[in-house]
Protein chains: 2
Amino acid sequence: MNAGFPSLDHDHKRCVADAMARADEACDARGVRLTPLRRRVLQALAESHSPLGAYEIVERLKKTREPVPAMSVYRALDFLLAEGLAHRIESQNAFLACIHGHETDEIVLFLLCERCKRVAEVTSGALGRDLSQATRGVGFSAKARVLEVSGLCNACKKTEARVKQSQGISR
Amino acid sequence: MNAGFPSLDHDHKRCVADAMARADEACDARGVRLTPLRRRVLQALAESHSPLGAYEIVERLKKTREPVPAMSVYRALDFLLAEGLAHRIESQNAFLACIHGHETDEIVLFLLCERCKRVAEVTSGALGRDLSQATRGVGFSAKARVLEVSGLCNACKKTEARVKQSQGISR
DNA sequence: TAACGCGCGATATGATGTAACAAGCGAATG
DNA sequence: CATTCGCTTGTTACATCATATCGCGCGTTA
């Protein structure tokens, strides 16, 4: 298990740069092209602390010198998803830059904070094994190894608790 | 763990009737109203062997004496989801009648067959514990206890294997 | 240079979901 | 019984998310 929510004061520019460098490398190794457009879409995702909808990406790129039509954003996203450079968060119709490569036998868990919208990408071997076991029982072979779980991150949990308490006092 | 894919020859009318009876009872117990419209939407879901999109429900009800506008279907779905009588399959933008009540500390897994589109709803205590453990490590409290896993059911796995084999021969 | 694949622009359309407001209807209240 | 109230439903409009299709430009390759 690893990689929880990013600390609030981390060097985000640095982690964006790292992600882009890894993407360049991965595409190079696979002989696929990380074109400027695809790069810009990936960068927009990486810069965001929360998943972005396709049209949110369009909006962000509209503010740059070269706006990008929605259609092209979707095409870039298709590519990024296919190459494993980004993930789709089904429950939000939104997209997220992938922060780390994934081992084949582990399962990826996206922890979605309902309040601050941040996402933690964690992996768990135990979960993967139990999942295999649970599904094998009914003769099912799991293909997608990505699960989405919504809830509250630590910081927001504390905030909510404070809010509730103060409401209790004021009543 | 329980409840795999329904056998191909089960008495589906019976299982629809059971589901409706349980829904009636549950609503009664909670003092909420399973109105005719809501009942029709739930029944449409229960009768289907695979998740239905909202507009698929509209289509099915259009064939009955009283068509139902899309807006009303959505409202009925909101109700059914809130009461736990139906689930939303995020990855498919589709809905499914719930086939059994859920224990609070267990996790619900939807196994989605990519080929035949059928869904198995299974629960697992072990998975729930794994999930708690994995998320606690990063200070996250999971709220949604529903996970979607896509893959192939037993029957389709065999079919695919046959197809592959015959392709191999023909080449 | 000609043929080709691929990425991309542009326009249109489809699929999914929500907002807002009015009308119906039954239960509680006077 | 009439009134009021809240919940359910109808209706229209709109917002959001995603795909289809056609054609152009550009680099590769024959």
Side-chain angles (χ1 to χ4, degrees), chain A residues 23-24 27-28 30-45 48 50-62 64-83 85-96 112 114 117 148 150, chain B residues 23-24 27-28 30-45 48 50-62 64-83 85-96 112 117 148:
Chain A
D24 281 326
C27 288
D28 220 46
R30 280 176 253 174
V32 295
R33 296 169 52 199
L34 189 61
T35 64
L37 189 143
R38 290 166 176 173
R39 217 165 180 289
R40 290 176 68 203
V41 170
L42 180 57
Q43 180 143 1
L45 285 179
S48 167
S50 54
L52 293 180
Y55 283 78
E56 283 182 282
I57 299 172
V58 172
E59 286 308 309
R60 298 198 176 201
L61 296 179
K62 196 171 276 174
T64 65
R65 274 180 301 181
E66 277 186 281
V68 176
M71 189 66 242
S72 294
V73 168
Y74 274 107
R75 278 193 286 232
L77 286 171
D78 283 346
F79 170 86
L80 296 172
L81 295 179
E83 296 302 324
L85 300 174
H87 296 290
R88 180 192 171 86
I89 305 296
E90 308 274 7
S91 57
Q92 301 182 3
N93 291 331
F95 303 87
L96 186 70
L112 316 169
E114 294 177 347
K117 308 301 178 193
E148 302 171 14
S150 66
Chain B
D24 281 326
C27 288
D28 220 46
R30 280 176 254 173
V32 294
R33 296 170 50 199
L34 190 60
T35 64
L37 188 143
R38 290 166 178 173
R39 217 164 180 289
R40 290 176 68 205
V41 170
L42 180 58
Q43 180 142 2
L45 286 179
S48 168
S50 54
L52 294 179
Y55 283 80
E56 284 182 280
I57 299 172
V58 172
E59 285 308 308
R60 298 198 176 201
L61 296 179
K62 196 172 276 173
T64 66
R65 274 181 300 180
E66 277 186 281
V68 176
M71 191 65 242
S72 294
V73 168
Y74 275 107
R75 280 193 284 233
L77 287 171
D78 283 345
F79 171 86
L80 296 172
L81 294 180
E83 297 301 324
L85 300 173
H87 297 289
R88 180 191 174 87
I89 305 295
E90 308 274 8
S91 57
Q92 300 182 2
N93 290 333
F95 304 86
L96 186 71
L112 316 169
K117 308 301 177 192
E148 302 171 16

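Heavy-atom basis, side chains included; hydrogens, waters and symmetry copies ignored. So you know, we letter chains A, B, ... as the sequences are listed, proteins then strands, and number each from 1.
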Can you tell me if [X] uses its side chain to pair, donor with acceptor, with the backbone of [Y] under 3.5 Å?
X: A:Arg88; Y: A:Leu96; result: no
X: B:Glu59; Y: B:Glu56; result: no
X: A:Arg40; Y: A:Val68; result: no
X: A:Glu148; Y: A:Ser91; result: yes
X: A:Gln92; Y: A:Pro51; result: no

Open item on the list: As an exercise, state the distance from CZ of A:Arg60 to CG of A:Leu52, rounded to the nearest 0.5 Å.
Closed with: 4.5 Å
For [X] and [N], give me the distance from atom [atom1] to atom [atom2], rounded to whole Å.
X: A:Leu77; N: D:dA18; atom1: CG; atom2: C1'; value: 11 Å
X: B:Tyr55; N: D:dT16; atom1: OH; atom2: C1'; value: 12 Å
X: A:Asp78; N: D:dA20; atom1: CG; atom2: P; value: 10 Å
X: B:Glu83; N: D:dC7; atom1: CD; atom2: P; value: 13 Å
X: A:Gln92; N: D:dC17; atom1: CD; atom2: P; value: 11 Å
X: B:Glu66; N: D:dT11; atom1: CD; atom2: P; value: 11 Å
X: B:Lys62; N: D:dG10; atom1: NZ; atom2: P; value: 14 Å
X: A:Glu90; N: D:dC17; atom1: CD; atom2: P; value: 14 Å

- [ ] Search all heavy atoms of B:Arg33 against all heavy atoms of B:Arg38 and return the closest pair with its distance.
- [x]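 Looking at all heavy atoms of both residues, the shortest contact is O-NH1, 2.7 Å.
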Task: Distance below 4.0 Å between B:Ser72 side-chain N/O and D:dG10 OP1 or OP2 - done: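 Checking D:dG10 against B:Ser72, a side-chain N or O does come within under 4.0 Å of OP1 or OP2.
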Task: Below 4.0 Å: OP1/OP2 of D:dT16 and any side-chain N or O of A:Asn93 - done: no
Task: Which residue lies more 5' along DNA chain D, comparing B:Arg75 with A:Tyr74 via nearest heavy atoms - done: B:Arg75
Task: Non-hydrogen side-chain atoms of B:Leu77 and B:Leu45 separated by less than 4.5 Å - done: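 Yes, at least one pair of side-chain atoms sits under 4.5 Å.
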- [ ] Give me the first and last nucleotide of DNA chain C, going 5' to 3', that has any atom under 4.0 Å from a heavy atom of chain B.
- [x]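 Contact boundaries, 5' end first: C:dT16 to C:dA20.
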Task: The single option from B:Thr35, B:Leu34, B:Leu80 passing side chain to side chain contact (heavy atoms under 4.5 Å, CB included) against B:Cys27 - done: B:Leu34
Open item on the list: Under 4.0 Å, heavy atom to any atom of DNA chain C: which of residues 31-39 of chain B qualify?
Closed with: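 DNA chain C contact set from residues 31-39 of chain B: none.
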